[in-house]
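Below is one structure, written out as structure tokens; the observations come after it.
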Amino acid sequence: MIAQHLFKRLMLFGCFSCQLVTLAMTTAVASEQLQRGTLPVPALEQKPQKAPEGKAAGSLRYTAEYQAYRDLLHKAVLQTGTPERFNYSSDVPQTGTRVKDVVRRSSFDGSRFLYEAFIRYPELLPELRQLRDSFVAIANSGRLATLSDDEQLAYWLNLHNLLVIDMLAHRYPLKHLRALYQGEQAWLHQPLITVAGTSLSLADIKFGKVLPLAKGRTEVIYGFYEGYISAPSIRSEPFDARSLAKALQDNAVEFINTSRGSYPEYGTSFRVSTFYQRHQAFFPFYPADLKTHLQKYLASSEHAVLAKVEQIDVDINDWRIADLYGTVRNGIDMTQGASLELDSRVVQSIRNKVKSKLVLSDKQKFQLKMLQRRQRVSDGNVEIIDLPAEPVATTTK
């Protein structure tokens, strides 16, 4: 079975993390917002395609590779709830120390990935690479040519995201990802895999594979997970042809209606993430059609603000990695000084392991508190060992 040890360890680590912050996403807030009409519900433009004549009607979603990838996402992705804009400045803890932390509007938006597990269990890295290679083997097997366009599209999105997860896990702990996506040595353009004798980079997958299959569907950009905060979220389920259109539109609504994707400066301007600029090839008449695209998914209460501006400012950048603790970690070893001590010689039960307590830094405690608020979990509990008071935080736009 593919990477079974990987998912067993992630399950143990993930169960422990559940002690700190509840992973289930609540739907009450979303239902209320939809009833008020504050969140858009775009009509699905296209149903999953049937296999064209001469192509098989098969699917990849039940393959061993997809099942293993699904297990990984289920155990390592933290969903942070429905899209909503928050002002975090009122929740910044005050102490008499000189320690300061920068809290942005986007600091606690978007889903998080449990990259910390690969620090605690470095032996998982080769198993993650094995899963990646098994995914690449699907393309090299020639199976994709027999599948519908939507099935192929879902495959390339999943492969792109798995490549990003693999690359970040091998580089973790890494606090900021800007250097990985910008500059001459950006990994976006570095060959990562070989398919049918041709080397492919992340950019090749985006613009050489996904763009032709998308056929003008700009929503497909929200399927690209890049690992930093001001980019679309990683989902807890793989993409598949049956639900592809709905999944992409859900990601669009979530991204645009949180401050990491767009932000209305009332009376002055409307700001969006630079993610749009780097994916302008998916917009036929960029930037003219960007406003129309945003209006489709933006909350109705903000339509008037967007309509008034003549130019959209593409300047939101939050390059911090979207992990659970690392964005607020001092130093590089999360587990140093922690009382989470797992005996590597004996396989303990989950029950024994989750009883352990992890010593968190002041910033990590604040991070978990704010993630709890984003989830709207009323009965969540955070179990930590007492530490000094939280650092003073300052708010920046």
Side-chain angles (χ1 to χ4, degrees), residues 10 13 17 20-21 76-78 80 88 92-93 97-122 124-125 128 161 163-188 190 202 224-234 255 258-261 273-275 278 315-338 340 358-371 374 384 387 390-397:
L10 279 173
F13 195 88
S17 297
L20 303 176
V21 57
V77 173
L78 167 68
T80 54
Y88 296 107
V92 174
T97 70
R98 296 183 179 180
V99 180
K100 293 185 178 181
D101 189 22
V102 176
V103 179
R104 304 180 187 179
R105 290 177 177 137
S106 57
S107 288
F108 308 102
D109 291 335
S111 65
R112 301 303 170 103
F113 193 89
L114 196 63
Y115 288 108
E116 290 81 2
F118 297 96
I119 291 293
R120 188 63 186 89
Y121 304 111
L124 302 182
L125 291 172
L128 179 61
N161 296 347
L163 289 172
V164 172
I165 291 171
D166 176 70
M167 296 293 286
L168 289 180
H170 279 80
R171 285 166 169 76
Y172 195 81
L174 187 62
K175 204 167 186 180
H176 294 87
L177 307 189
R178 182 172 184 171
L180 300 180
Y181 287 97
Q182 295 185 344
E184 296 181 358
Q185 303 300 319
W187 73 343
L188 182 66
Q190 295 177 4
L202 292 177
F224 293 130
Y225 170 66
E226 296 193 330
Y228 58 93
I229 291 178
S230 56
S233 289
I234 184 71
F255 184 65
T258 54
S259 299
R260 74 189 202 283
S273 169
T274 56
F275 176 84
R278 292 191 296 106
D315 62 356
I316 295 178
N317 282 305
D318 194 337
W319 292 101
R320 292 174 295 171
I321 188 170
D323 62 358
L324 189 55
Y325 309 119
T327 52
V328 292
R329 182 177 55 253
N330 289 321
I332 65 172
D333 191 348
M334 181 193 71
T335 60
Q336 285 296 324
L340 173 59
L358 176 65
V359 176
L360 302 179
S361 72
D362 297 345
K363 294 181 180 180
Q364 289 164 357
K365 290 168 65 179
F366 184 56
Q367 172 92 336
L368 291 172
K369 172 186 173 182
M370 299 311 297
L371 288 174
R374 280 289 290 116
I384 51 180
L387 287 173
E390 307 286 0
V392 174
T394 59
T395 304
T396 61
K397 293 184 179 178

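Side-chain atoms are counted along with the backbone in the values below, which use heavy atoms only and exclude waters and symmetry mates. None of the values given here were measured: they were computed from a predicted structure.
How far CZ of Arg171 is from CG of Asp166: 9.0 Å, rounded to the nearest 0.5 Å. Atom CD of Glu226 and atom CG of Leu180 lie 10.5 Å apart (nearest 0.5 Å). Note: Leu78 CG to Leu114 CG = 8.5 Å, rounded to the nearest 0.5 Å. Rounded to the nearest 0.5 Å, atoms CG (Leu124) and CD1 (Ile119) are 11.0 Å apart.
At least one donor-acceptor pair closer than 3.5 Å links the side chain of Ser273 to the backbone N or O of Ser230. Using modelled atom types, no side-chain atom of Glu116 and backbone atom of Asp323 make a donor-acceptor pair closer than 3.5 Å.
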*asked:* Walk me through whether Arg260 and Asp318 qualify under side chain to side chain contact (heavy atoms under 4.5 Å, CB included).
replied: CA-CA 7 Å; Arg260 74 189 202 283; Asp318 194 337; 5.6 Å; no
Quiz item: Run the side chain to side chain contact (heavy atoms under 4.5 Å, CB included) check on Val77 and Phe113 step by step: do they pass?
Solution: CA-CA 5 Å; Val77 173; Phe113 193 89; 3.9 Å; yes
- Evaluation steps, side chain to side chain contact (heavy atoms under 4.5 Å, CB included), between Ile234 and Val164: CA-CA 10 Å; Ile234 184 71; Val164 172; over 6 Å; no
Can you check side chain to side chain contact (heavy atoms under 4.5 Å, CB included) on Leu202 and Met167, steps first, answer last?
CA-CA 11 Å; Leu202 292 177; Met167 296 293 286; over 6 Å; no
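For an aromatic pair to be called close, the ring centres must be under 6.0 Å apart, and Tyr172 with Tyr115 satisfies this.
What you find for Asn317 and Trp319 is that their closest heavy atoms are OD1-NE1, 3.4 Å. When all heavy atoms of Ala231 and Phe255 are compared, the pair lying nearest together is C-CE1, 3.4 Å. The two residues Tyr181 and Ala186 make their nearest non-hydrogen contact at C-CB, 3.6 Å. Nearest heavy atoms, Ser111 versus Ala322: O-CB, 3.8 Å. Among all heavy-atom pairs drawn from Ile229 and Ile321, the shortest one is CG1-O, 4.4 Å.
Side-chain contact check for Leu177 versus Trp187: every heavy-atom pair is 4.5 Å or farther apart.
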